[in-house]
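The structure under discussion appears below in the form of structure tokens.
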Number of protein chains: 2
Amino acid sequence: MSAPAQVMAVCAALGDETRWQILERLGRADLSASALAEILPLSRQAIAKHLVALEAVGLVESHRAGRELRFRALGAELSATARVLEDIGAAWDRRLAAIKMVAESLGEGE
Amino acid sequence: MSAPAQVMAVCAALGDETRWQILERLGRADLSASALAEILPLSRQAIAKHLVALEAVGLVESHRAGRELRFRALGAELSATARVLEDIGAAWDRRLAAIKMVAESLGEGE
DNA sequence: GTTAACTGCAATCAGATGGTTGCACACACG
DNA sequence: CGTGTGTGCAACCATCTGATTGCAGTTAAC
């Protein structure tokens, strides 16, 4: 399989404007769902759902701080996903380069 | 902005099992929508819609071959996306590493 | 111990999205 | 030239998903 399910899941999680806004904040500071709800134009529950989705794919982790549940962005999963995509992209490009080489050699032969 | 719209669009396109199946085939050979429909358990029109979406974000390009319209997977956009994700992930990890260092220095101070 | 803040769950809703069928059109191919 | 293969467009449908409101439960904080 060229695309592990995990990569697809991460991509699905990243295919949403709102989640990127959340991640942007969590990439700079640990924040609770309530804190995020004060910043973003969204209800706390909507944010909480997004956090569940992000945590499920490993883009975010949570830890308690007092009575708050704070979240932070994790770079590991994102980097791992990036490496897989890079490899796949490179493979596609190699195929195209090979096709191009064949076409050129045919052109020279004419 | 930490996440350009293009990256989000590519991720959204990649957050679908069916589209990965299509890309997997197009990464190995140029195929038309009709050819893909014979391989995958989907109608030609469903596939055509996915191809429009994939072409819109630059993951795929089309070229005519006789009366067929063949598609191929492009690695460039995927690689570019991967690099952006890698950078963002690295930034998140740097922040966590900094936090960890502060925590450790505080621990030593005790 | 009370209280208030933060979290979690359930029901509900509107809009986006993946998929299908049917038909019209066009142009290679014979 | 005809013909049929491949494409494109439109209408339609089911489902998924992002979001909201309301309420109940915990627990830190005072």
Side-chain angles (χ1 to χ4, degrees), chain A residues 1 3 5-26 29-74, chain B residues 1 3 5-26 29-74:
Chain A
M1 60 248 99
Q6 175 64 12
V7 171
M8 198 202 70
V10 170
C11 287
L14 294 178
D16 183 288
E17 167 72 22
T18 303
R19 281 202 271 266
W20 273 107
Q21 289 179 326
I22 292 174
L23 287 171
E24 186 181 338
R25 307 301 180 127
L26 296 185
D30 294 16
L31 294 169
S32 69
S34 298
L36 282 166
E38 290 175 3
I39 301 173
L40 302 174
L42 273 175
S43 66
R44 176 184 60 83
Q45 289 82 347
I47 290 174
K49 283 190 193 176
H50 284 301
L51 290 173
V52 167
L54 291 171
E55 193 168 22
V57 296
L59 285 172
V60 141
E61 74 176 0
S62 62
H63 60 105
R64 298 213 79 95
R67 72 183 118 185
E68 285 187 2
L69 186 61
R70 295 209 186 130
F71 293 82
R72 63 168 60 117
L74 296 178
Chain B
M1 57 248 104
Q6 175 64 12
V7 171
M8 197 203 72
V10 170
C11 287
L14 294 178
D16 183 289
E17 166 73 20
T18 303
R19 282 202 271 266
W20 273 107
Q21 290 179 324
I22 292 175
L23 286 171
E24 187 182 336
R25 306 301 180 126
L26 296 185
D30 294 16
L31 294 169
S32 69
S34 297
L36 282 166
E38 289 176 3
I39 302 173
L40 303 174
L42 271 175
S43 67
R44 176 183 60 83
Q45 289 80 348
I47 290 174
K49 282 189 194 176
H50 284 301
L51 290 173
V52 167
L54 291 171
E55 193 168 22
V57 296
L59 285 172
V60 140
E61 75 175 0
S62 62
H63 62 104
R64 297 212 82 94
R67 71 184 119 190
E68 284 189 2
L69 186 61
R70 296 212 184 125
F71 293 82
R72 62 169 60 119
L74 296 178

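Order of the sequence lines sets the chain letters (A, B, ...), proteins ahead of strands, with each chain counted from 1.
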Given atom [atom1] of [X] and atom [atom2] of [N], what is their separation to the nearest angstrom?
X: B/I47; N: C/dG19; atom1: CD1; atom2: C1'; value: 11 Å
X: B/F71; N: D/dG8; atom1: CZ; atom2: C1'; value: 11 Å
X: A/E55; N: C/dT7; atom1: CD; atom2: P; value: 13 Å
X: A/L31; N: C/dC6; atom1: CG; atom2: P; value: 13 Å
X: A/E68; N: D/dT26; atom1: CD; atom2: C1'; value: 15 Å
X: A/E17; N: C/dG15; atom1: CD; atom2: C1'; value: 17 Å
X: A/R64; N: D/dA29; atom1: CZ; atom2: P; value: 11 Å
X: A/L40; N: D/dA19; atom1: CG; atom2: P; value: 10 Å

Looking only at side-chain N and O atoms, does [X] come under 4.0 Å of OP1 or OP2 in [N]?
X: A/R67; N: C/dA4; answer: no
X: B/H50; N: C/dG19; answer: yes
X: A/S43; N: D/dT20; answer: yes
X: B/S34; N: D/dT7; answer: yes
X: A/T18; N: D/dA19; answer: yes

Within this structure, what is the [atom1]-[atom2] distance for the pair [X] and [Y], rounded to the nearest 0.5 Å?
X: B/H50; Y: B/L23; atom1: NE2; atom2: CG; answer: 10.5 Å
X: A/L54; Y: A/L74; atom1: CG; atom2: CG; answer: 10.5 Å
X: A/R19; Y: A/L59; atom1: CZ; atom2: CG; answer: 9.5 Å
X: A/K49; Y: A/L42; atom1: NZ; atom2: CG; answer: 11.5 Å

Answer with base, sugar-phosphate or nothing: what part of the nucleic acid does A/R70 contact at a heavy-atom distance below 4.0 Å? nothing
Is there side-chain contact between A/I22 and A/F71, with heavy atoms separated by less than 4.5 Å? no
Is any side-chain heavy atom of A/L31 closer than 4.5 Å to a side-chain heavy atom of A/I39? yes
Find which nucleotide of DNA chain D each of B/E38 and A/K49 is nearest to by heavy atoms, and output the residue with the more 5' nucleotide. B/E38
The answer to which of B/L69 and A/G66 contacts DNA chain D further toward the 5' end, by nearest nucleotide, is B/L69
Between the side-chain atoms of B/R44 and the base atoms of D/dT7, is any donor-acceptor pair under 3.5 Å? yes
Under 3.5 Å, is there an N or O donor on one side and an acceptor on the other linking the side chain of B/Q45 and the base of C/dG22? yes
Between B/L14 and A/V7, is the side-chain contact (heavy atoms from CB on, under 4.5 Å) condition met? List the steps. CA-CA 9 Å; B/L14 294 178; A/V7 171; over 6 Å; no
Pair B/L36-B/L26, side-chain contact (heavy atoms from CB on, under 4.5 Å): steps then yes or no: CA-CA 9 Å; B/L36 282 166; B/L26 296 185; 4.1 Å; yes
Rounding to the nearest 10°, end axes of the helix from C/dG1-D/dC30 to C/dG30-D/dC1 built from five pairs each make an angle of 30°
